[in-house]
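Here is the structure we will look at.
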Amino acid sequence: MMLNPVVITRPTAQAVTLVAQVEALKREVVLFPLLEIQPLLDSSLLQATLEDLNTYSMVVFISPNAIDASFSELHRRHDKYTWPNTVAIGVMGEGSRAALVKHGISDANATIISPNDVERTDSETFLASLDATAWHDKKILIVRGENGREFLAQALQTMGAQVQQVAAYRRLIPAFDRAFCSQLQNLLVTPHDWIVTSSEALRVLMQRLVEIGNIRDVAKMQRQKIIVPHRRIAETAQQLGFLNITLTGSGDERLLAALQSCP
């Protein structure tokens, strides 16, 4: 039986490993990034903040991109950087834990706090994993992309924590040009299995289809199979009218397992 091609919508640089893993399953892969991750235009604030990490009780990395950008900067400035053992690390999911391992950080050498619910690895479930009283008057740094959500910072401040935020990267929407429109419409001619790892990316996709102005293409997209790692993305998909949603839970290994079980 012929299996559907797999569309991976991650930013190009962040999709390399997943593309290789899907190809190893003998699946045809189409890379169709709906967001791009770019360095900051001015990283001076990030650099200064990272030099003072040992003044914080916890550093929360919002995404694997925040981890990679921060550790790239740390390794660039220090030949052998060692994470301060007095500073806890907060992450949202298994992708971020895997990113930490790439930089030599694991439960074996650091205190890592993450949500217990692998299906909903977001700020709300991260907060639920914290003992609110333990962070009163503690300094917490949130490392995120530019223009991120304010929910986590506000919630931590409500707990009594002293919260600082710093941007480590930029999220950009790819150019809405003729090539993009043509590739998107071609992908809708036949069924594909779409891996979508960002609610923002999913909204961008549907916005683009609406702007193209073809109602039939919107309906075709809503009938495509989409595979998502987090409940929040699944909820966004439902709100956008998708009919065939597979929720896998956090971590690329669960995305791959879902692809292997696809009919």
Side-chain angles (χ1 to χ4, degrees), residues 8 10-21 33 35-115 118 121-123 126 129-130 135 138-149 152-153 156 161 163-172 197-198 200-201 229-230 250-253 255:
I8 296 178
R10 273 185 182 160
T12 303
Q14 288 70 35
V16 174
T17 299
L18 184 58
V19 167
Q21 290 172 324
L35 295 172
E36 287 297 347
I37 303 300
Q38 297 290 336
L40 298 171
L41 296 176
D42 180 359
S43 63
S44 57
L45 179 57
L46 175 64
Q47 293 169 9
T49 303
L50 293 176
E51 287 300 311
D52 290 328
L53 286 184
N54 58 3
T55 66
Y56 296 94
S57 297
M58 177 167 62
V59 177
V60 181
F61 294 102
I62 292 297
S63 68
N65 294 314
I67 293 169
D68 289 339
S70 298
F71 276 88
S72 293
E73 182 63 35
L74 288 168
H75 291 313
R76 185 179 70 81
R77 297 172 68 87
H78 304 276
D79 290 338
K80 294 182 179 180
Y81 182 78
T82 302
W83 186 264
N85 58 18
T86 59
V87 182
I89 298 174
V91 296
M92 300 299 123
E94 295 305 307
S96 290
R97 280 184 170 271
L100 287 173
V101 169
K102 287 192 308 182
H103 299 287
I105 306 294
S106 69
D107 289 312
N109 57 16
T111 300
I112 303 175
I113 302 170
S114 62
V118 297
T121 50
D122 55 19
S123 297
F126 173 76
S129 69
L130 297 179
W135 300 100
K138 298 293 178 63
K139 287 184 64 178
I140 297 176
L141 174 67
I142 299 175
V143 185
R144 63 179 197 174
E146 286 183 339
N147 305 316
R149 292 173 70 201
L152 180 59
L156 290 170
V163 181
Q164 180 180 344
Q165 300 187 89
V166 65
Y169 61 93
R170 296 180 296 148
R171 279 191 306 271
L172 302 178
T197 54
S198 161
E200 182 182 0
H230 305 143
S250 180
D252 284 359
E253 71 281 358
L255 292 171

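In this structure, Ser106 OG and Leu100 CG are separated by 9.0 Å, a value rounded to the nearest 0.5 Å. Taken from CD1 in Ile8 to CD in Gln14, the straight-line distance is 12.5 Å, to the nearest 0.5 Å. Annotation: the span from Leu141 atom CG to Ile89 atom CD1 amounts to 11.5 Å, rounded to 0.5 Å. Here the straight-line distance linking atom CG of Asn85 with atom CG of Asn109 works out to 10.0 Å at 0.5 Å rounding. Atoms CD1 and OH, from Ile67 and Tyr169 in turn, are 10.0 Å apart once rounded to the nearest 0.5 Å. If you take CG on Leu152 and CD1 on Ile62, they are separated by 5.0 Å, rounding to the nearest 0.5 Å.
In this model, no donor atom of one side chain and acceptor atom of the other lie less than 3.5 Å apart for Ser63 and Arg144.
At least one donor-acceptor pair under 3.5 Å links the side chain of Thr55 to the backbone N or O of Asp52. Put simply, the side chain of Ser96 never gets that close to the backbone of Val91: no donor and acceptor are under 3.5 Å apart. Using modelled atom types, no side-chain atom of Trp135 and backbone atom of Lys139 make a donor-acceptor pair closer than 3.5 Å.
Counting heavy atoms from C-beta on, the side chains of Glu73 and Gln47 come closer than 4.5 Å. Proximity of Ser198 to Leu35: side-chain heavy atoms (C-beta onward) are separated by under 4.5 Å at one or more points. Contact annotation: the side chain of Leu74 approaches that of Leu53 to within less than 4.5 Å [non-hydrogen atoms, C-beta and beyond]. Residues Arg97 and Ser114 form a side-chain contact, since some pair of their non-hydrogen atoms from C-beta on lies under 4.5 Å apart. Thr197 is listed as a side-chain neighbour of Leu255, based on a closest heavy-atom distance under 4.5 Å. No side-chain heavy atom of Thr17 sits under 4.5 Å from any side-chain heavy atom of Asp252.
Closest heavy-atom contact between Val143 and Ala66: O-CB, 3.5 Å. Closest non-hydrogen pair, Ser250 versus Gly95, comes out as OG-N, 4.1 Å. Contact record, Met58 with Gly90: CG-N, 4.1 Å, taken as the closest heavy-atom pair. Taking all atoms of both residues into account, the shortest heavy-atom contact from Ser44 to Asp42 is OG-OD1, 2.8 Å. Contact between Ala161 and Ile140 at its shortest, heavy atoms only, is CB-CD1, 3.7 Å. Here the closest non-hydrogen pair linking Gly251 and Glu94 is CA-CB, 3.7 Å.
Among residues two or more places apart in sequence or in another chain, the side-chain contact (heavy atoms from CB on, under 4.5 Å) test is passed with Ser72 by none.
Ion pairing between Arg170 and Glu36 fails under the 4.0 Å rule for side-chain N and carboxylate O. A salt bridge is defined here as a Lys NZ or Arg NE, NH1 or NH2 lying under 4.0 Å from an Asp or Glu carboxylate O, and Arg171 with Glu146 fails to meet this definition.
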Requested in this report: Starting from the C-alpha separation in whole Å, work towards a yes-or-no answer on side-chain contact (heavy atoms from CB on, under 4.5 Å) for Leu156 and Ile142.
Outcome: CA-CA 10 Å; Leu156 290 170; Ile142 299 175; 4.1 Å; yes
| Run the side-chain contact (heavy atoms from CB on, under 4.5 Å) check on Ile113 and Ser129 step by step: do they pass? | CA-CA 8 Å; Ile113 302 170; Ser129 69; 3.7 Å; yes
Do Val60 and Met92 pass the side-chain contact (heavy atoms from CB on, under 4.5 Å) test, and can you show the C-alpha distance, the side-chain angles, and the key distance before you say yes or no? CA-CA 9 Å; Val60 181; Met92 300 299 123; 3.7 Å; yes
What verdict does the side-chain contact (heavy atoms from CB on, under 4.5 Å) test give for Trp83 and His103, after you've listed the backbone C-alpha separation in whole Å, the side-chain angles of each residue and the deciding distance to 0.1 Å? CA-CA 10 Å; Trp83 186 264; His103 299 287; over 6 Å; no
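By the 30° and 60° cut-offs, the orientation of the rings of Phe71 relative to Phe61 is tilted.
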